[in-house]
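The chain is numbered in sequence order, starting from 1.
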Amino acid sequence: QVQLVESGGGLVQAGGSLRLSCAASGGTFSSLAMGWFRQAPGKEREFVAVISKSGGTTYYAVSVRGRFTISRDNAKNTVFLQMNSLKPEDTAVYYCAADPVYSTVVANYDYWGQGTQVAVSS
C-alpha cells in the first residue's frame, strides 16, 4: 500500500510562487507514475500535471502550462510541483496521486494523498 503526504501549500499573492512536495512510502516509488490534481470548491477534481516513472516525460494541463513544473527525486521518493505566476483561479486543494500507469485521468489513479490547500489572493 502506497502512502502519499503532500506539503507546501499556503496563501500567496497573485504572481507569487509556491513549491508543493509529495512524499511517498510503502511502495517502489520508481515504479509509479506521479500526478498532481486539484479541486476547487464546488468543482470536480481536475488534472494538473503528470510525470513518468523515470521523470523523463511530463505533461501539463493547458491552464498551467508554462507556469508549473513537475519533477521527481526517485532517491528521496518525492515528487514536486513548482508553481510560478500564480493566479486566483489556481486556488484549490492540490492532491498528488500515484499509479503504475501514466495517465491524466483522475479515475485511473489508485493512490491519493490527503491534499494541501493553495490560496491565491488578487
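Contact annotation: the side chain of Val118 approaches that of Met83 to within less than 4.5 Å [non-hydrogen atoms, C-beta and beyond]. Contact check for Thr91 versus Gln117: side-chain heavy atoms found under the 4.5 Å cut-off. Looking at heavy atoms from C-beta onward, Val50 lies out of side-chain contact with Thr58 at the 4.5 angstrom threshold. Taking the side chain as every heavy atom from C-beta outward, Tyr102 and Thr57 approach each other to under 4.5 Å. With contacts defined as side-chain heavy-atom distances shorter than 4.5 Å, the pair Ser21/Glu6 does not qualify. The shortest distance between side-chain heavy atoms of Leu32 and Asp99 does not fall below 4.5 Å. For the pair Asn108/Val101, no side-chain contact is recorded, criterion being any heavy-atom separation below 4.5 Å from C-beta on. Within the 4.5 Å cutoff, the side chain of Met34 has heavy atoms near those of the Arg72 side chain.
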Item to complete: Go through Asn84 and Phe68 one step at a time and tell me if the side chain to side chain contact (heavy atoms under 4.5 Å, CB included) criterion holds.
Response: CA-CA 6 Å; Asn84 298 330; Phe68 290 10; over 6 Å; no
Practice prompt. Report the C-alpha separation of Gln13 and Val120 in whole Å, then their side-chain angles, then the decisive distance to 0.1 Å, and conclude whether the side chain to side chain contact (heavy atoms under 4.5 Å, CB included) test is met.
Written response: CA-CA 5 Å; Gln13 289 188 330; Val120 184; over 6 Å; no
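Listed here is the closest heavy atom pair of Ser17 and Ser85: OG-N, 4.4 Å. Shortest non-hydrogen contact noted between Cys22 and Leu4 is SG-CB, 3.9 Å. Closest approach of Ala92 and Ala40 over heavy atoms only: CB-N, 3.8 Å.
Remark: side-chain polar atoms of Lys53 are paired, donor with acceptor, to backbone N or O of Pro100 under 3.5 angstrom. Remark: side-chain polar atoms of Ser54 are paired, donor with acceptor, to backbone N or O of Gly56 under 3.5 angstrom. Using modelled atom types, no side-chain atom of Tyr94 and backbone atom of Gln39 make a donor-acceptor pair closer than 3.5 Å.
In terms of the side chain to side chain contact (heavy atoms under 4.5 Å, CB included) criterion, residue partners of Ser71 (sequence neighbours excluded) are, by chain and number, Phe80.
Screening residues 3-41 for ring-ring contact (aromatic ring centres under 6.0 Å, His included) gives Phe37-Phe47, Phe37-Tyr109, Phe37-Trp112 as the qualifying pairs, with residues at least two apart or on separate chains.
Using modelled atom types and a 3.5 Å distance limit, the side chains of Asp73 and Thr78 yield no donor-acceptor pair.
Tyr59 OH: 12 or fewer foreign heavy atoms inside a 6.0 Å radius.
The hydrophobic clustering, which links ILVMFWY residues whose side-chain heavy atoms are closer than 4.5 Å, places Val64 and Val12 together. The hydrophobic clustering, which links ILVMFWY residues whose side-chain heavy atoms are closer than 4.5 Å, places Val106 and Val93 together.
Taking the ring centre of Tyr95 as origin, the terminal cationic atom of Arg38 falls outside the region bounded by 6.0 Å and 45° from the ring axis.
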